[in-house]
Amino acid sequence: MKNLFSVEGDVIVITGGTGVLGSTIAKYLASEGAKVVILGRRKAEGENLVNEIAAAGGEAMFLTTDVMDAAAVQANCDEVLKKYGKVDALLNAAGGNMPGATIAPSGTFFDVKIDDFQKVLDLNLTGTVIPTQVFLKPMVEAGRGAIVNFTSMAAFRPLTRVMGYAAAKAGISNFTAFLANEVATKFSPKIRVNAIAPGFFLTNQNRALLTNPDGSLTERGADVIRQTPFKRFGAPEELCGTIQYLISEASSFVTGTVAIVDGGFNSFAM
């Protein structure tokens, strides 16, 4: 019987592929036999990741990109098609936050810097739309494919402080549902669009927010753990199974959904 979860031979593009979550997913999918294309801004980290994957027997390539530059992303797509001739899946993992788009505990809404707020919206939301528009085209031509967007716990509830990030991630969840219907009805029901919503995972972006230099929890980190039934942060590896499910034939009748991987955070109630 066919392995429904197989991604062997699939060409999988990952934006934000040099980040903690993206790189972990890239290494895992390569170990499963996928041909992984890592897109990111940090060339040294990207090339090191490719070498690490190759040393483990996997196949990967790194391309420098800017998810806000449609021409750059199109050039990336052209290179991928030249080498592999297809794109089976796109993971939109690029994103981030800026201090000016957040509200400090001692601050107020009036402290938000609109320019930074706009940049965070652009990076997360528009930075998901642009790669999707580019890499969707070869999927439409092939009549099949899978797209997984990265949203957040902040999309479900208005977490304090992260106003810009939350607005962008809520937009990604909405965009995911919109596009799922758009591509299934106008192009092919074999092109699926879903999202993954990680709970709280320690990354380079949030480590200082959630933990102190000695590893103990900050007040924010303690609040997160208090509201997480598993009473811990997630490990990046714990996203890999859900990602593989969403891009494989195992989820062939799943589209327009947000898969939550959060240790129960979103289900917590006092």
Side-chain angles (χ1 to χ4, degrees), residues 13-26 38-42 64-70 72-73 76 89-103 109 112-136 147-180 182 193-210 220 224 234 236 239 242-243 246 256-262 265-266:
V13 178
I14 308 176
T15 72
T18 60
V20 172
L21 303 184
S23 61
T24 298
I25 293 166
I38 300 156
L39 302 186
R41 293 179 296 180
R42 298 176 296 179
T64 304
T65 198
D66 177 356
V67 293
M68 291 303 303
D69 185 338
V73 177
N76 297 147
L90 169 67
L91 310 182
N92 281 308
N97 203 356
M98 298 181 69
T102 65
I103 301 173
F109 169 71
V112 171
K113 297 178 181 178
I114 295 301
D115 286 347
D116 285 354
F117 178 82
Q118 186 65 58
K119 288 175 182 176
V120 169
L121 287 180
D122 286 342
L123 173 59
N124 291 279
L125 182 52
T126 309
T128 292
V129 173
I130 289 174
T132 298
Q133 196 171 51
V134 170
F135 286 100
L136 176 61
I147 296 170
V148 179
N149 299 322
F150 276 59
T151 181
S152 165
M153 289 298 100
F156 294 97
R157 56 182 70 189
L159 301 181
T160 59
R161 300 176 63 173
V162 291
M163 190 183 85
Y165 184 79
K169 291 300 186 179
I172 289 173
S173 295
N174 186 280
F175 169 65
T176 298
F178 166 82
L179 192 66
E182 183 79 1
V193 185
N194 292 289
I196 188 169
F200 288 84
F201 292 71
L202 288 179
T203 67
N204 295 332
Q205 292 181 359
N206 68 13
R207 190 176 304 275
L209 180 66
L210 301 176
R220 180 80 160 184
V224 169
L239 294 174
T242 302
I243 289 290
L246 290 174
T257 66
V258 177
I260 299 172
V261 185
D262 70 344
F265 180 90
N266 199 49

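Side-chain contact check for I260 versus M153: some heavy-atom pair is nearer than 4.5 Å. The closest side-chain heavy-atom distance from I243 to I196 is below 4.5 Å.
Taking CD1 from I130 and CG from D69, the interatomic distance works out to 7.5 Å, rounded to the nearest 0.5 Å. How far OG1 of T65 is from CD1 of I38: 13.0 Å, rounded to the nearest 0.5 Å. Summarising the geometry, atom CG belonging to N206 is positioned 10.0 Å from atom CZ belonging to R220; distances are rounded to the nearest 0.5 Å. From F201, atom CZ reaches atom CG of L210 across 12.5 Å, with rounding to the nearest 0.5 Å. To the nearest 0.5 Å, the span separating OG1 on T15 from CZ on F135 amounts to 9.0 Å. Here the CG atom belonging to L209 is positioned 5.0 Å from the CZ atom belonging to R161, to the nearest 0.5 angstrom.
Crowding of R157 atom CZ: a count of heavy atoms from other residues, nucleotides or ligands under 6.0 Å exceeding 12.
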For this session: Test L239 against T24 for side-chain contact (heavy atoms from CB on, under 4.5 Å), laying out the working first.
Result: CA-CA 9 Å; L239 294 174; T24 298; over 6 Å; no
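In this structure N194 satisfies the side-chain hydrogen bond (donor to acceptor under 3.5 Å, both in side chains) test together with T257, sequence neighbours excluded. By the side-chain hydrogen bond (donor to acceptor under 3.5 Å, both in side chains) test, E182 pairs with K186, sequence neighbours left out. Residues satisfying the side-chain contact (heavy atoms from CB on, under 4.5 Å) criterion with A180, sequence neighbours excluded, are V193, T255. Residues that satisfy the side-chain hydrogen bond (donor to acceptor under 3.5 Å, both in side chains) test with R42, not counting sequence neighbours, are T18. Checked against ring pair (Phe, Tyr, Trp, His ring centres under 6.0 Å), F200 has the following partners two or more places apart in sequence or in another chain: F265.
For the pair L246 and A259, the tightest heavy-atom approach, listed with the atom from each and the gap, is CD1-CB, 4.1 Å. Heavy atoms only, all atoms of each residue included: A168 and L121 are closest at N-CD2, 3.7 Å. Taking every heavy atom of both residues into account, F150 and I172 meet most closely at O-CD1, 3.6 Å. The heavy-atom pair separating T128 from F175 by the smallest distance is CG2-CE2, 4.0 Å. Residue A197 comes nearest to V258 through the heavy atom pair CB-CG1, 3.7 Å, listed as atom of the first residue, atom of the second, then distance. Across A155 and S173, no two heavy atoms sit closer than the pair CB-OG, 3.7 Å.
Residues in residues 116-125 take part in these side chain to side chain donor-acceptor pair (under 3.5 Å) pairs, two or more places apart or across chains: Q118-D122.
Under a 3.5 Å cut-off, the side chain of S23 and the backbone N or O of V20 do form a donor-acceptor pair.
Considering T176, T151, N149 in turn, N149 is the only one that fulfils the side chain to side chain donor-acceptor pair (under 3.5 Å) rule with N92.
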